[in-house]
Asks: 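One structure follows; several queries about it will come next.
Source: prediction; values computed, not measured.
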Amino acid sequence: MQIGLVGLGKMGGNMRERLRNAGHTVIGYDTNPDKSDVASLADLVNQLEAPRTVWVMVPAGDPTQHVIDRLADLLKPYDTVVDGGNSRWTDDEKHAEELSKRGIGFVDAGVSGGVWGLKNGYALMVGGEKEYVDRLRPIFEALKPEGPYGFVHAGSVGAGHFAKMVHNGIEYAMMQAYAEGWELLEAVDSVDNVREVFRSWQDGTVIRSWLLDLAVNALDEDEHLEGLRGYAQDSGEGRWTVEAAIDNSVPLPAITASLFSRFASRQDDSPQMKMIAALRNQFGGHAVESAKKA
């Protein structure tokens, strides 16, 4: 299958490679000419055969809106736009309505896998009309992990990004729990090998997970995380999750507390946030701040 891919950063670039490895033709465009296959969005569209599919992997908000507005002018009826970034689900509804007026289909795809997706595959949560989702199944099958799981048609437009938002909210709470446990272990005198305690949990325990594996990776690189500042950003999806919970009267105490803990990290050098920062760097390549030397 042939597809255009806009945005060739940490995830987009690896997605292009994974799709090509699976035998698909990918024409990529990025504002960085060193990464791009073509010189412009117009060139990308012109090289695609109808009906065209263009997958957008750029930051949520204005950057995504700009690309979709431009594609609306370039694409034709029966073409399809996929937003694979971390857009808010309410933006999906607006984009679908705008594109449908021109006969262009729209699919929202929540994508999880970070910098490890090239090797392990990407979990895909997709929203949109069945016609457009079915057309893209060869692409979804190539991107997802091997085996029966890793892809879901979650529902109508916006459902994919809503599901990914909730996924990220759960991720916030899980990372916070690991970070709190790590700080407590580090604080007591009787435990003198915290890293190996974490490693011992990787097999045979109910809290084993990929995040735990990544925590061990981070501790192998810096046993006490002394090189990191206890500061962690939030992607925005944690905030949206809490807002959605309020709108739907659903109590989310753990996710809400984990979000507020990140806010607190910006006021002090939090030991827990060293672990959160380390985990975000491990799975997503997110930037970390170095500890200030005395």
Asks: Salt-bridge test for Asp73 and Arg102: reply yes if a basic N is under 4.0 Å from a carboxylate O, no otherwise.
Replies: yes
Asks: Is Asp30 salt-bridged to Lys35, cutoff N-O under 4.0 Å?
Replies: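 So Asp30 does not pair with Lys35 through a salt bridge.
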Asks: Going from CG on Asp92 to CG on Asp108, what distance comes out if it is rounded to the nearest 0.5 angstrom?
Replies: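 Reported to 0.5 Å precision, the distance equals 4.0 Å.
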Asks: Taking the side chain as every heavy atom from C-beta outward, state whether Arg52 and Leu75 have any atom pair closer than 4.5 Å.
Replies: yes
Asks: Is it possible for you to say whether Val82 and Leu99 belong to one hydrophobic cluster, with membership spreading through side-chain heavy-atom contacts below 4.5 Å?
Replies: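 In one cluster with Val82: Leu99, no.
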Asks: Can you check whether Pro33's main-chain N or O pairs, donor with acceptor, with Ser36's side chain at less than 3.5 Å?
Replies: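 No; zero donor-acceptor contacts below 3.5 Å.
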Asks: Determine whether a donor-acceptor pair (N or O, by modelled atom type, separation under 3.5 Å) exists between the side chain of Arg208 and the backbone of Trp201.
Replies: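 No; judged by distance alone, with no hydrogens or angles, the pair does not exist.
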Asks: Identify the heavy atoms of Ala232 and Ala277 that sit nearest to each other, and give their distance.
Replies: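 Result for this residue pair: CB-N, 4.4 Å.
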Asks: Taking all heavy atoms of Tyr172 and all of Gly236, pick out the closest pair and write down the distance.
Replies: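 Scanning both residues completely, I find the closest heavy atoms to be OH-N, 4.0 Å.
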Asks: Hydrophobic clustering (ILVMFWY, side-chain heavy atoms < 4.5 Å, transitive) - are Ile3 and Leu5 grouped together?
Replies: yes
Asks: Kindly indicate whether the side chain of Glu223, heavy atoms from C-beta on, has any atom under 4.5 Å from the side chain of Asn193.
Replies: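 Touching, per the 4.5 Å side-chain cut-off.
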Asks: Just how far is it from atom CE of Met273 to atom OG of Ser261, taken to the nearest 0.5 Å?
Replies: 5.0 Å
Asks: With no hydrogens and no angle check, is any side-chain donor or acceptor of Thr256 less than 3.5 Å from a backbone partner on Leu252?
Replies: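 Looks like yes, one N/O pair under 3.5 Å.
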Asks: Using a 3.5 Å distance criterion without hydrogens, assess whether the side chain of Asp37 forms a donor-acceptor pair with backbone atoms of Gly28.
Replies: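 Yes; at least one donor-acceptor contact below 3.5 Å.
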Asks: Can you tell me if Asn248 uses its side chain to pair, donor with acceptor, with the backbone of Ala245 under 3.5 Å?
Replies: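 No, because the side chain of Asn248 does not come within donor-acceptor range (under 3.5 Å) of the backbone of Ala245.
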Asks: Between Glu186 and Pro271, is any pair of side-chain heavy atoms under 4.5 Å apart?
Replies: no
Asks: Return yes if some donor-acceptor pair links the side-chain N/O of Thr241 with the main-chain N/O of Met165 below 3.5 Å, else return no.
Replies: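 Judged by distance alone, yes, a pair lies under 3.5 Å.
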Asks: Considering only NZ, NE, NH1 and NH2 on the basic side and carboxylate oxygens on the acidic side, decide whether Arg88 and Glu243 come within less than 4.0 Å.
Replies: yes
Asks: State yes or no: do Met175 and Val194 share one hydrophobic cluster built from I, L, V, M, F, W and Y residues joined by side-chain heavy-atom distances below 4.5 Å, directly or via other members?
Replies: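 In one cluster with Met175: Val194, yes.
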Asks: Name the residue from Val288, Asp222, Leu279, Leu225 that meets the side-chain contact (heavy atoms from CB on, under 4.5 Å) definition with Lys274.
Replies: Leu225
Asks: Taking it one step at a time, do Val58 and Val6 satisfy side-chain contact (heavy atoms from CB on, under 4.5 Å)?
Replies: CA-CA 7 Å; Val58 301; Val6 181; 4.3 Å; yes
Asks: Roughly how far, to the nearest 0.5 Å, is CG of Leu228 from CD1 of Ile276?
Replies: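 Going from CD1 on Ile276 over to CG on Leu228, the span is 12.0 Å.
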Asks: Apply side-chain contact (heavy atoms from CB on, under 4.5 Å) to residues Tyr178 and Leu211 and explain how you reach the verdict.
Replies: CA-CA 9 Å; Tyr178 284 127; Leu211 278 175; 3.8 Å; yes
Asks: State, yes or no, whether a side-chain contact exists between Arg70 and Leu74 at a heavy-atom distance under 4.5 Å.
Replies: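 Yes; the side chains approach each other to less than 4.5 Å.
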Asks: At their closest point, which heavy atom of Asp234 faces which heavy atom of Arg262, and how far apart are they?
Replies: CA-NH1, 3.9 Å
Asks: Would you say Asn168 and Lys164 are linked by a side-chain donor-acceptor pair, where the criterion is simply a distance under 3.5 Å?
Replies: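 Distance-only check passes for Lys164 and Asn168.
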Asks: Is it true that Gln233 and His286 share a donor-acceptor pair across their side chains at a distance under 3.5 Å?
Replies: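 No, no side-chain donor-acceptor pair sits under 3.5 Å.
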Asks: Nearest 0.5 Å, please: how far is CD in Glu98 from CG in Leu71?
Replies: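 Reported to 0.5 Å precision, the distance equals 12.0 Å.
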Asks: Verify, without hydrogens or angle tests, whether Ser209 (side chain) and Leu212 (backbone) share a donor-acceptor contact under 3.5 angstrom.
Replies: yes
Asks: Would you say Lys10's side chain and Gly285's backbone share a donor-acceptor pair under 3.5 angstrom?
Replies: yes
Asks: Parallel, tilted or perpendicular, judged at 30° and 60°: which one describes the rings of Trp210 and Trp116?
Replies: perpendicular
Asks: Do Lys94 and Glu97 sit within salt-bridge range, that is, some charged N less than 4.0 Å from a carboxylate O?
Replies: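 The answer is no: the pair does not qualify as a salt bridge.
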Asks: Check for me, please, whether Met125 and Tyr132 land in the same ILVMFWY cluster - side-chain distances under 4.5 Å, paths through other members count.
Replies: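 No, because Met125 and Tyr132 fall into different hydrophobic clusters, even though each may have its own neighbours under 4.5 Å.
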Asks: If hydrophobic clusters are built from ILVMFWY residues whose side chains come within less than 4.5 Å, do Val157 and Ile68 share one?
Replies: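 Yes; tracing contacts between hydrophobic side chains, which count when under 4.5 Å, links both residues.
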Asks: Can you see whether Arg135 engages Thr80 through a side-chain donor-acceptor pair at a distance of less than 3.5 angstrom?
Replies: yes
Asks: Given side chains that start at C-beta, do those of Val54 and Leu44 come closer than 4.5 Å, heavy atoms only?
Replies: yes
Asks: Once you round to the nearest 0.5 Å, how far does CZ of Arg280 lie from CD of Glu171?
Replies: 8.0 Å
Asks: Any side-chain heavy atom of Phe151 within less than 4.5 Å of one from Val133?
Replies: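 They are in contact (side-chain heavy atoms under 4.5 Å apart), so the answer is yes.
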Asks: Kindly check if the number of other-residue, nucleotide or ligand heavy atoms within 6.0 Å of CG (Asp203) is above 12?
Replies: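 Open: at most 12 neighbouring heavy atoms sit under 6.0 Å from CG of Asp203.
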Asks: Under a 3.5 Å cutoff, is there a donor and acceptor pairing between the side chains of Gln65 and Asp91?
Replies: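 Side chains of Gln65 and Asp91: no pair found under 3.5 Å.
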Asks: For a side-chain contact (heavy atoms from CB on, under 4.5 Å) check, start with the C-alpha distance between Met15 and Tyr122, then their side-chain angles and the critical distance, and finish with the verdict.
Replies: CA-CA 9 Å; Met15 289 170 64; Tyr122 300 89; 3.5 Å; yes
Asks: Quick one: are Leu143 and Leu19 in side-chain contact, heavy atoms under 4.5 Å?
Replies: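 A side-chain contact under 4.5 Å exists here.
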Asks: Taking Ala42's backbone N and O only, do any of them form a donor-acceptor pair with Asn46's side chain (distance below 3.5 Å, no angle check)?
Replies: yes
Asks: Return the CZ to NE2 distance between Arg137 and His153, rounded to the nearest 0.5 Å.
Replies: 8.0 Å
Asks: Tell me if a side-chain donor or acceptor on Ser112 pairs with a main-chain N or O of Ala123 at a distance below 3.5 Å.
Replies: no
Asks: Taking side chain as C-beta onward, heavy atoms only, is Leu219 less than 4.5 Å from Met275?
Replies: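 Touching, per the 4.5 Å side-chain cut-off.
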Asks: Identify the two heavy atoms, one from Trp89 and one from Ala244, that lie closest to each other, and give their separation to 0.1 Å.
Replies: CH2-CB, 4.0 Å
Asks: Determine the minimum heavy-atom distance between Asp213 and Gln202, stating which atoms define it.
Replies: OD1-NE2, 2.7 Å
Asks: Specify the closest pair of heavy atoms between Ala60 and Asn86, including all atoms of both residues, with the distance to one decimal.
Replies: CB-O, 3.4 Å
Asks: Does atom OH of Tyr78 have more than 12 heavy-atom neighbours from other groups under 6.0 Å away?
Replies: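 No, OH of Tyr78 has 12 or fewer neighbouring heavy atoms, counting only those of other groups under 6.0 Å.
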Asks: Return the orientation label for the Trp55 and Phe140 ring planes: parallel under 30°, perpendicular over 60°, tilted otherwise.
Replies: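 Taking Phe140 first and then Trp55, their aromatic rings stand perpendicular (interplane angle over 60°).
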Asks: Determine, step by step, whether Val152 and Val126 satisfy the side-chain contact (heavy atoms from CB on, under 4.5 Å) criterion, reporting the C-alpha distance in whole Å, the side-chain angles of both residues, the deciding distance to 0.1 Å, and the verdict.
Replies: CA-CA 6 Å; Val152 61; Val126 175; over 6 Å; no
Asks: Can you see whether Glu49 engages Gln2 through a side-chain donor-acceptor pair at a distance of less than 3.5 angstrom?
Replies: no
Asks: Is there a donor-acceptor contact under 3.5 Å linking the side chains of Ser87 and Asp83?
Replies: yes
